[in-house]
Amino acid sequence: MVTPTLEAIRYKRGELLILDQLLLPHETVYIPINGIKDGHSAIKTMQVRGAPAIAIVAALSLCIELFHKGETLADTAATLAFIEESLQYLKTSRPTAVNLFDAAQKLWKTTQAAAAQTVSPKDVINAYVDAAEQMLTDDVQDNKNIGKYGAEYILNHASPSTPLKVLTHCNTGSLATAGYGTALGIIRSLHATGRLEHAYCTETRPYNQGSRLTAYELVYDNIPATLVCDSMASALLRQEKVAAIIVGADRVAANGDTANKIGTYQLAITAKHHGALFIVAAPSTSVDLSIASGDEIPIEQRPPQEVSLVRGILPDEPQLVAKTVQVAAKGINIWNPSFDVTPASLITAIATEKGVVTKKDGESQFDMRTFLGGN
């Protein structure tokens, strides 16, 4: 039996392996990423997913490309052109998660700065690689800070005499980041305090990131947890005193409107109705100050087959075999947006690695620009 792992990204200079999340929780298989084409494919097909992990895998896939092909680049100008072209290509893998675009912009600026100071292609490549590797390290610490700040906020706003129960959606843990997680990081932090009585996770159709991945992480960490179907969330909040719904984010607009996995919007509505906190957990790299509101966030449309077909791993000795089953009536039209946008008015607070953002009294929106210093 393969030992379960929460290490979604394995990297050393010259080698990148990612955990194929399409096979979890039944199989633990690491696949090599040998360059930007592999990185692009793994992101687009959702072998790797989660906004922070997408950005890191994209950045590191170019490290691998440069490791193998860097010596073939004739000069600094050719190196710059290759890096810019590669980053542009990687940005086409998925359109909604802003972390990828933020990482690409920062890495490009670092590369340009290095090129301005040297005529050596090797030095330019090393500057890029060092910056990309630092992103991998920084993400884990940022996630731990998000967990700390988010847990403190919830504990300060929850009744000390009420058993603490929370609900989360999709997967926002170690499998979606470099480690620890964002929304799931908050749940891990709450569990560490001893105050968390129970966590609930949604199935998260149509890709089942909750039942396949979040449930996997909760069981792995021995956190008391229960899986529910997406359609059961409102009934759950009516029956159980859930203190908070905690979700991640793929992009946050300047006013706090948030794009996250489809189904998040309806959870925000039910949280408002039942008096539960609705907490968004996201690194500051998920905030896009270039857009004023969620109306400007591009929403990725996924293939209809993700809804009409169910791919399962069924026991079939001597090995596990993948089988696909048609569950929808043939000929039916299918709408399959990967994300929806939750308006800021339904969000209680946004937990970042820099602290928790709240709205001013009487305001329905967040001032993300001021919180982040106008950058």
Side-chain angles (χ1 to χ4, degrees), residues 6-9 21 48-57 94 96-100 102-103 135-155 166-192 196 199-202 204 209-210 213-218 220-221 223 225 244-253 256-261 263-264 267-268 271 277-288 338-339 342 347-357 366 368 371-372:
L6 296 183
E7 188 181 16
I9 302 169
Q21 297 187 32
V48 63
R49 22 71 50 210
I54 286 171
I56 291 166
V57 168
R94 294 194 73 187
T96 302
V98 74
N99 307 61
L100 171 58
D102 179 79
M135 286 182 174
L136 179 66
T137 301
D138 290 346
D139 187 63
V140 176
Q141 186 57 54
D142 286 348
N143 291 341
K144 290 182 177 179
N145 289 336
I146 291 170
K148 173 180 178 290
Y149 292 131
E152 288 174 350
Y153 181 88
I154 291 171
L155 291 173
V166 299
L167 170 71
T168 192
H169 186 56
C170 197
N171 175 258
T172 56
S174 298
L175 299 174
T177 62
Y180 200 71
T182 54
L184 200 50
I186 293 177
I187 293 175
R188 286 190 166 103
S189 294
L190 287 171
H191 180 61
L196 181 67
Y200 296 91
C201 62
T202 58
T204 321
Q209 293 98 325
L213 308 178
T214 300
Y216 177 83
E217 294 201 43
L218 291 168
Y220 184 90
D221 278 2
I223 297 174
I245 295 178
I246 313 169
V247 301
D250 285 79
R251 190 179 298 213
V252 180
D257 290 351
T258 296
N260 192 49
K261 180 55 56 183
T264 301
L267 289 175
L277 302 173
F278 191 83
I279 310 296
V280 170
S284 57
T285 52
S286 292
V287 181
D288 187 354
S338 190
F339 306 94
T342 299
I347 299 170
T348 308
I350 300 174
T352 78
E353 80 281 7
K354 302 177 185 294
V356 176
V357 195
F366 296 86
M368 302 303 297
F371 179 79
L372 295 177

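Treat the numbers as computed from the prediction; the structure is a model and nothing was measured. In this chain, numbering begins with 1 at the start of the sequence shown.
For the residue pair Arg49 and Gln209, no side-chain donor N or O sits within less than 3.5 Å of a side-chain acceptor on the partner. For Thr177 and Asn143, the side-chain atoms include at least one donor-acceptor pair closer than 3.5 Å. There is no side-chain donor-acceptor pair under 3.5 Å between Tyr216 and Ser174.
Contact record, His169 with Thr202: ND1-OG1, 2.6 Å, taken as the closest heavy-atom pair. The minimum heavy-atom distance linking Ala103 with Ala55 is given by the pair CB-CB, 4.0 Å. Summarising the geometry of Ser284 relative to Glu353, their closest heavy-atom pair is OG-OE2, 2.5 Å, with the distance given to 0.1 Å. Across all non-hydrogen atoms, the minimal contact from Cys201 to Leu167 is N-CD1, 4.2 Å.
Using a 4.5 Å cut-off on side-chain heavy atoms (C-beta onward), Thr352 and Val357 make contact. Between Phe371 and Ile350, every side-chain heavy-atom pair lies at or beyond the 4.5 Å cut-off. Counting heavy atoms from C-beta outward, Thr182 and Pro283 have side chains that approach closer than 4.5 Å. Residues Arg94 and Leu100 have side chains not in contact (no heavy-atom distance under 4.5 Å, counting atoms from C-beta outward). Using a 4.5 Å heavy-atom cutoff, the side chains of Ile154 and Ile246 are in contact. Looking at heavy atoms from C-beta onward, Leu184 lies in side-chain contact with Glu217 at the 4.5 angstrom threshold. Using a 4.5 Å heavy-atom cutoff, the side chains of Val247 and Thr172 are not in contact. The side-chain heavy atoms of Thr96 and Ser338, taken from C-beta on, include no pair separated by under 4.5 Å.
Tyr153 pairs by the ring-ring contact (aromatic ring centres under 6.0 Å, His included) definition with His157, not counting sequence neighbours.
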task: Walk me through it: do Lys144 and Val140 pass the test side-chain contact (heavy atoms from CB on, under 4.5 Å)?
output: CA-CA 6 Å; Lys144 290 182 177 179; Val140 176; 4.1 Å; yes
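Between Met368 and the choices Asp257, Val287, Asp288, the side-chain contact (heavy atoms from CB on, under 4.5 Å) rule is met once, by Val287. The side-chain contact (heavy atoms from CB on, under 4.5 Å) test with Val166 singles out one residue from Ile186, Ile245, Leu277, Ile187, and that residue is Ile187.
With Gln21 contributing its side chain and Leu175 its backbone, the two residues share a donor-acceptor pair below 3.5 Å.
To the nearest 0.5 Å, the span separating OG1 on Thr258 from CZ on Phe278 amounts to 8.0 Å.
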